Amino acid sequence: MPDTFYPVSRLKNYIHLGTKRSYSKGQAVLLPDEVLGKMIFVLSGRLNVSKITDDGREKFVYSAGQYCFMDRLFTFENDHMQIVAAEDSQVCLFSKEQLLNVFAQDLEIVIDVLRHYDSKAYYFLNLSNEINLYSPSVRLLHLFYELCQSQGKYNNDVWEVEIQLTNRKISEITGLHFVTVSKILGSLKKENILRKRKNKIIIYDMEKLKELFEEGIPY
DNA sequence: TCATTAAGCATCT
DNA sequence: AGATGCTTAATGA
């Protein structure tokens with residue numbers, strides 16, 4: 001899941017060394033091409049990181065929950081990244097100097113920061129692999145499969161994954177259109193393979209789900 | 001295969 | 001009542 005990645009909770013002990021800011025839902029934390037020169041650390045709430053494409057469309061990249069950080073210390077040319085508060089959120093900004101100060105007090109944080117970067121890099125490496133290997137609709141099935149593997153619970157003959165996931169979110173992650181996501185979910189429901197509820201995903205037929213990886217899915 | 005658009009329904013706040 | 005989310009259908013690339 002492109003969500004928070006490895007949370008650097010240790011950093012919360014040093015927020016007095018940074019600058020606290022609050023954002024209300026919908027407010028922009030970082031405008032496209034804005035030069036901030038600071039690291040953004042999420043204390044509470046949730047921020048959405050997205051990229052603005054050349055033709056002006058917004059492409060979701062990942063969402064940042066508690067203790068996630070977004071590095072805006074360095075700027076890349078035309079990276080067109082945008083960060084918007086998905087909920088009322090509190091963040092803490094650290095400049096390079098402030099960050100060095102934190103590191104000087106607690107070297108373990110450097111390791112946590114590395115781990116955070118590692119999990120981010122690992123996710124996007126896998127994502128590019130997925131995109132090369134599978135079609136969008138198969139990626140959708142894969143997402144459900146992976147979710148089940150990583151956090152599914154087996155009871156009463158079915159697998160249950162407790163997660164709040166809207167169709168729109170799924171479409172952002174997989175790159176499918178949200179209408180297409182809806183249609184695939186509809187056909188999966190009809191085939192009694194999988195069903196998505198508000199707070200959880202129930203998988204009735206794991207074998208069939210796996211089978212569909214190879215064949216693709218008609219909908 | 002998948003995206004786009006539009007329209008209608010359901011549910012939540 | 002308005003916002004948000006889901007579904008279906010038509011059409012086009």
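Owing to the predicted nature of the structure, the values given are computational and were not obtained by experimental measurement. Reminder, nothing fancy here: chain letters follow the sequence lines and each chain counts from 1.
Using a 4.5 Å cut-off on side-chain heavy atoms (C-beta onward), A:Thr4 and A:Gln66 make no contact. Between A:Tyr6 and A:Asp118 the shortest side-chain heavy-atom distance does not fall below 4.5 Å. Using a 4.5 Å heavy-atom threshold, the side chains of A:Arg72 and A:Lys38 count as separate.
The existence of a salt bridge linking A:Glu172 and A:Lys169 is confirmed by a sub-4.0 Å separation between a basic side-chain nitrogen and an acidic carboxylate oxygen.
Using a 3.5 Å distance cut-off with no hydrogens or angles, the side chains of A:Arg139 and A:Thr174 do not pair a donor with an acceptor.
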Reading nucleotides 7-13 of chain B from 5' to 3' and marking B where a protein heavy atom lies under 4.0 Å of the base, S where only the sugar-phosphate is that close, and - otherwise, the string is -------

Pairs: protein N or O with nucleotides 6-13 of chain C N or O, under 3.5 Å:
from  : atom 1 : to       : atom 2 : distance (Å)
C:dC6 : OP1    : A:Lys196 : NZ     : 3.4
C:dC6 : OP2    : A:Asn167 : N      : 3.3
C:dT7 : OP2    : A:Ser182 : OG     : 3.4

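One N or O on the side chain of A:Asn13 and one on the backbone of A:Arg10 form a donor-acceptor pair closer than 3.5 Å. Not one N or O on the side chain of A:Asp88 forms a donor-acceptor pair closer than 3.5 Å with the backbone of A:Ser24.
A:Arg197 comes within 4.0 angstrom of no nucleic acid atom, judged by non-hydrogen atoms across all strands.
Using a 4.5 Å cut-off between side-chain heavy atoms of Ile, Leu, Val, Met, Phe, Trp and Tyr, A:Tyr67 falls into a hydrophobic cluster with A:Val8, A:Leu11, A:Tyr14, A:Ile15, A:Leu17, A:Met39, A:Phe41, A:Leu43, A:Phe69, A:Leu73, A:Phe74, A:Phe94, A:Leu99, A:Val102, A:Phe103, A:Leu107, A:Ile109, A:Val110, A:Val113, A:Tyr117.
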